[in-house]
Amino acid sequence: MSEARLWHAVDEYFTGRLLGDDPDEALAAALRDSDAAGLPAIAVSPLQGKLLQLLAQLQGARTILEIGTLGGYSTIWLGRALPADGRLVSLEYDPRHAEVAVRNLARAGLGERTEVRVGPALESLPKLAHEQPPPFDLVFIDADKANNPHYVEWALRLTAAGSLIVLDNVVRGGRVADPANDDPDVVGTRAALELFGTHPRLSATALQTVGDKDYDGFALARVVA
């Protein structure tokens with residue numbers, strides 16, 4: 001068995017033992033409808049989705065900001081961690097993706113506590129800040145990687161001490177560690193990690209992962225001030 005096939009097999013084993021063998025219909029339907037609509041197959045894995053849910057629950061999150069909705073698969077995982085009066089705002093660039101996500105969220109019973117805002121996130125974020133919402137307890141960043149440092153900066157403006165920021169897809173196939181690589185996604189991710197490591201308001205770490213998403217990883221930062 002190849003290394004990659006072994007990673008997938010172990011993820012299948014973990015998924016069966018920890019998430020159950022019976023598929024969650026709302027989550028399965030979200031993936032099916034996203035695929036049928038031609039959305040890229042880049043949603044988080046089930047195990048990663050459950051990790052996001054657990055992080056939100058450990059936070060006692062009442063407010064969540066997601067940057068990058070896609071078809072709403074990760075949004076469902078996060079939304080299920082909220083109390084009945086909780087609020088999740090998800091920002092999505094592509095109107096077609098947003099339409100799919102809104103339908104998926106409604107079918108999952110999360111329509112009332114989730115809101116998908118359409119447009120470039122760097123335009124949506126100033127508008128959101130202008131509304132002066134309560135600090136978000138958790139921010140999940142999973143959008144265009146070139147703008148990662150800008151998303152981290154906005155996350156800092158929209159959070160408070162104790163909030164959690166999760167930055168996905170930070171390994172870039174290992175290219176993040178190659179100083180000669182000037183791919184915009186790599187450069188943006190590197191700059192975001194630099195912020196995570198040097199900003200006085202953040203305490204952070206990053207982990208490499210293998211599994212259904214092959215070789216990947218995420219960074220995690222707690223707002224400390």
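When a residue number appears, it is its place in the shown sequence, counting from 1. For the numbers below, each heavy atom of this structure counts, side chains included, while hydrogens, waters and symmetry mates do not. Since we're looking at a predicted model, the values are computed, not measured.
- Side-chain atoms of Asp144 do not come within 3.5 Å of backbone N or O of Ala146 as any donor-acceptor pair.
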Which donor-acceptor pairs under 3.5 Å do the side chains of residues 164-172 make with protein atoms, sequence neighbours left out?
{"unit_1": "Asn169", "atom_1": "OD1", "unit_2": "Lys145", "atom_2": "NZ", "d": "2.9"}
{"unit_1": "Asn169", "atom_1": "ND2", "unit_2": "Asp216", "atom_2": "OD2", "d": "2.8"}
{"unit_1": "Arg172", "atom_1": "NH1", "unit_2": "Asn169", "atom_2": "O", "d": "3.2"}

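- Annotation for Pro133 and Ala129: closest pair CD-O, 4.1 Å, computed over non-hydrogen atoms.
- Side-chain atoms of Leu128 and Phe136, non-hydrogen and from C-beta on, do get closer than 4.5 Å to each other.
- Residue pairs meeting the salt bridge (charged side-chain N to carboxylate O under 4.0 Å, His left out) criterion with at least one member in residues 41-61: none, sequence neighbours excluded.
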N/O donor-acceptor pairs under 3.5 Å from side chains in residues 26-40, not counting sequence neighbours:
{"unit_1": "Arg32", "atom_1": "NH2", "unit_2": "Glu25", "atom_2": "OE2", "d": "2.7"}
{"unit_1": "Asp33", "atom_1": "OD2", "unit_2": "Arg107", "atom_2": "NH1", "d": "3.0"}
{"unit_1": "Asp33", "atom_1": "OD2", "unit_2": "Arg107", "atom_2": "NH2", "d": "3.1"}
{"unit_1": "Ser34", "atom_1": "OG", "unit_2": "Ala30", "atom_2": "O", "d": "2.7"}

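- For the pair Phe196/Leu220, no side-chain contact is recorded, criterion being any heavy-atom separation below 4.5 Å from C-beta on.
- Side chain of Asp137 to backbone of Thr63: a donor-acceptor contact under 3.5 angstrom is found.
- Each of Val186, Leu193, Val187 was evaluated against Thr189; a single residue qualifies, Leu193, per the side chain to side chain contact (heavy atoms under 4.5 Å, CB included) test.
- Side-chain contact between Phe140 and Leu55 is absent, with no heavy atoms from C-beta onward closer than 4.5 Å.
- Listed by chain and residue number, Met1, Ser2 satisfy the side-chain contact (heavy atoms from CB on, under 4.5 Å) test with Arg5 (two or more places apart in sequence, or in another chain).
- When the salt bridge (Lys or Arg N to Asp or Glu O under 4.0 Å) test is applied to Arg103, no partner is found at least two apart in sequence or on another chain.
- With hydrogens and angles ignored, the 3.5 Å screen pairs no side-chain donor or acceptor of Glu123 with any backbone N or O of Pro120.
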Side-chain atoms of residues 70-79: list all donor-acceptor pairs with protein atoms under 3.5 Å, sequence neighbours left out, distances to 0.1 Å.
{"unit_1": "Ser74", "atom_1": "OG", "unit_2": "Glu66", "atom_2": "OE2", "d": "2.5"}
{"unit_1": "Thr75", "atom_1": "OG1", "unit_2": "Glu66", "atom_2": "OE1", "d": "2.6"}

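- Residues Ala143 and Tyr151 share a closest heavy-atom pair of CB-CE1, 3.8 Å.
- Although no hydrogens or angles enter the test, the distance criterion places a donor-acceptor pair under 3.5 Å between the side chain of Glu92 and the main chain of Asp94.
- Every pair tested for salt bridge (charged side-chain N to carboxylate O under 4.0 Å, His left out) that includes a residue from residues 197-215 fails, sequence neighbours excluded, so the list is empty.
- Considering only heavy atoms from C-beta on, Leu51 comes within 4.5 Å of Phe218 through its side chain.
- Arg190 pairs by the side chain to side chain donor-acceptor pair (under 3.5 Å) definition with nothing, not counting sequence neighbours.
- Contact check for Leu156 versus His199: side-chain heavy atoms found under the 4.5 Å cut-off.
- Here the side chains of Glu153 and Leu195 are in contact, with some heavy-atom distance below 4.5 Å.
- Within the structure, salt bridge (charged side-chain N to carboxylate O under 4.0 Å, His left out) pairs that include any residue of residues 51-65 comprise Arg62-Asp85 (at least two apart or interchain).
- Remark: Thr159 pairs with no residue by the side chain to side chain donor-acceptor pair (under 3.5 Å) rule, at least two apart or across chains.
- For Gln57, the side-chain contact (heavy atoms from CB on, under 4.5 Å) partners are Gln53, Leu54, Ala81, not counting sequence neighbours.
- By the 4.5 Å heavy-atom criterion applied to side chains, Thr15 and Leu47 are counted as neighbours.
- Connection of Val139 to Leu58 is not established within any shared hydrophobic cluster, with ILVMFWY side chains joined at heavy-atom distances below 4.5 Å, either directly or through further cluster members.
- For residues 173-182, there are no salt bridge (charged side-chain N to carboxylate O under 4.0 Å, His left out) pairs, not counting sequence neighbours.
- A heavy-atom distance below 4.5 Å is found between the side chains of Arg117 and Leu91.
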